[in-house]
Amino acid sequence: MLEMGLIQELQDFHKRYNEKMIAQSGQDYQHGIFQSIGFKEFHEYLVTKDITPGQTNILLQKGIEALRQRTQKYAKKQNKWVKNRFLKRPGRNVPRVYGLDATDISAWDKNVLSPAIQIVSSFLQDQLPDMKPMDIASDSNESKRTSRLCDFCDRIIIGGREWAAHTKSKSHLHHVKKM
């Protein structure tokens, strides 16, 4: 993003729009375009004036580091969402998810672009692609309809995962210890 002109784009946007917003009422980074990654991270760099080039460079580096951290955090959040939404809830209405190795940028075309094109082409032709979709092995505690009575806590727990979580909880362990 930096190589493609992010800083210049932020500076241009700041001059055209953001300076007016800050002068009127301060900037609210909770609404609209300002929620995008990049605006909050470079705010101090964009609004600070009359400082030495060294200080400007320090603010710029702080913004770049904050941008990296925020982007990594967002990517982790997206991966977690996909995993929880699609991979842990298999069913007819859940689309297949394919994992592509994007760790080696020099092999992008081979590892990401070509497989992605093949997957999309297969989908458009109503065929299954050559590669297999991602799969998470189902958990033995996956049963969502079973109910169990916890004799120690005198509670009914519905679902295998909930039961597993309950048996590890502080409350349950406390009741077991008391008995």
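Numbering starts at 1 and runs along the sequence shown.
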With heavy-atom distances below 4.5 Å as the criterion, would you say the side chains of [X] and [Y] are in contact?
{"X": "His174", "Y": "Lys178", "result": "yes"}
{"X": "Leu128", "Y": "Arg96", "result": "yes"}
{"X": "Cys150", "Y": "His175", "result": "no"}
{"X": "Arg70", "Y": "Lys40", "result": "yes"}

Do [X] and [Y] sit in the same hydrophobic cluster, where Ile, Leu, Val, Met, Phe, Trp and Tyr count as joined when their side-chain heavy atoms come under 4.5 Å apart?
{"X": "Phe13", "Y": "Leu59", "answer": "yes"}
{"X": "Leu2", "Y": "Leu46", "answer": "yes"}
{"X": "Tyr74", "Y": "Leu67", "answer": "yes"}
{"X": "Phe123", "Y": "Phe86", "answer": "no"}
{"X": "Ile119", "Y": "Val82", "answer": "no"}

Step by step, would you call Gln118 with Ser122 a side chain to side chain donor-acceptor pair (under 3.5 Å)?
-> CA-CA 6 Å; Gln118 197 273 328; Ser122 297; 3.1 Å; yes
Under the side-chain contact (heavy atoms from CB on, under 4.5 Å) rule, what do Asn111 and Leu100 come out as? Steps first, then yes or no, please.
-> CA-CA 7 Å; Asn111 295 340; Leu100 303 175; over 6 Å; no
Glu65 bridged to Lys62 by N-O distance under 4.0 Å =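 Salt bridge flag = no for Lys62 with Glu65.
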Going from [atom1] on [X] to [atom2] on [Y], what distance comes out if it is rounded to the nearest 0.5 angstrom?
{"X": "His14", "Y": "Ile7", "atom1": "NE2", "atom2": "CD1", "result": "12.5 Å"}
{"X": "Leu173", "Y": "Lys168", "atom1": "CG", "atom2": "NZ", "result": "10.5 Å"}
{"X": "Lys177", "Y": "Phe152", "atom1": "NZ", "atom2": "CZ", "result": "14.0 Å"}
{"X": "Ile37", "Y": "Gln69", "atom1": "CD1", "atom2": "CD", "result": "12.0 Å"}
{"X": "Arg155", "Y": "Ile158", "atom1": "CZ", "atom2": "CD1", "result": "10.5 Å"}
{"X": "Leu149", "Y": "Ile157", "atom1": "CG", "atom2": "CD1", "result": "9.0 Å"}

Looking only at heavy atoms, which two atoms of [X] and [Y] are closest? And how far apart?
{"X": "Ser171", "Y": "Cys153", "answer": "O-SG, 4.5 Å"}
{"X": "Pro129", "Y": "Tyr98", "answer": "CG-OH, 3.1 Å"}
{"X": "Ala164", "Y": "Thr167", "answer": "O-OG1, 2.9 Å"}
{"X": "Ser147", "Y": "Ile156", "answer": "CB-CG2, 4.1 Å"}

Step by step, work out the side-chain contact (heavy atoms from CB on, under 4.5 Å) result for Thr56 and Leu60.
-> CA-CA 6 Å; Thr56 302; Leu60 177 62; 5.6 Å; no
Met4: hydrophobic cluster co-members (side-chain, 4.5 Å) |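 Direct or chained contacts put Met4 with none.
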Would you call the rings of Phe42 and Tyr45 parallel, tilted or perpendicular if under 30° counts as parallel and over 60° as perpendicular?
->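 The rings of Phe42 and Tyr45 stand perpendicular, inter-plane angle above 60°.
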For atom CD of Glu9, is the number of surrounding heavy atoms from other residues, nucleotides or ligands below 6.0 Å larger than 12?
->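 12 or below, so no.
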Would you indicate whether Asp104, at its atom CG, is surrounded by more than 12 heavy atoms from other residues, nucleotides or ligands within a distance under 6.0 Å?
->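 Yes, CG of Asp104 has more than 12 neighbouring heavy atoms, counting only those of other groups under 6.0 Å.
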Report the C-alpha separation of Met1 and Thr71 in whole Å, then their side-chain angles, then the decisive distance to 0.1 Å, and conclude whether the side-chain contact (heavy atoms from CB on, under 4.5 Å) test is met.
-> CA-CA 11 Å; Met1 291 185 293; Thr71 303; 4.0 Å; yes
Would Lys83 and Val97 count as a side-chain contact (heavy atoms from CB on, under 4.5 Å) if you check the C-alpha gap in whole Å, the side-chain angles of each, and the deciding distance to 0.1 Å?
-> CA-CA 9 Å; Lys83 184 188 233 182; Val97 176; over 6 Å; no
Does Ile58 offer a backbone N or O that forms a donor-acceptor pair with the side chain of Gln61 under 3.5 Å?
->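 No.
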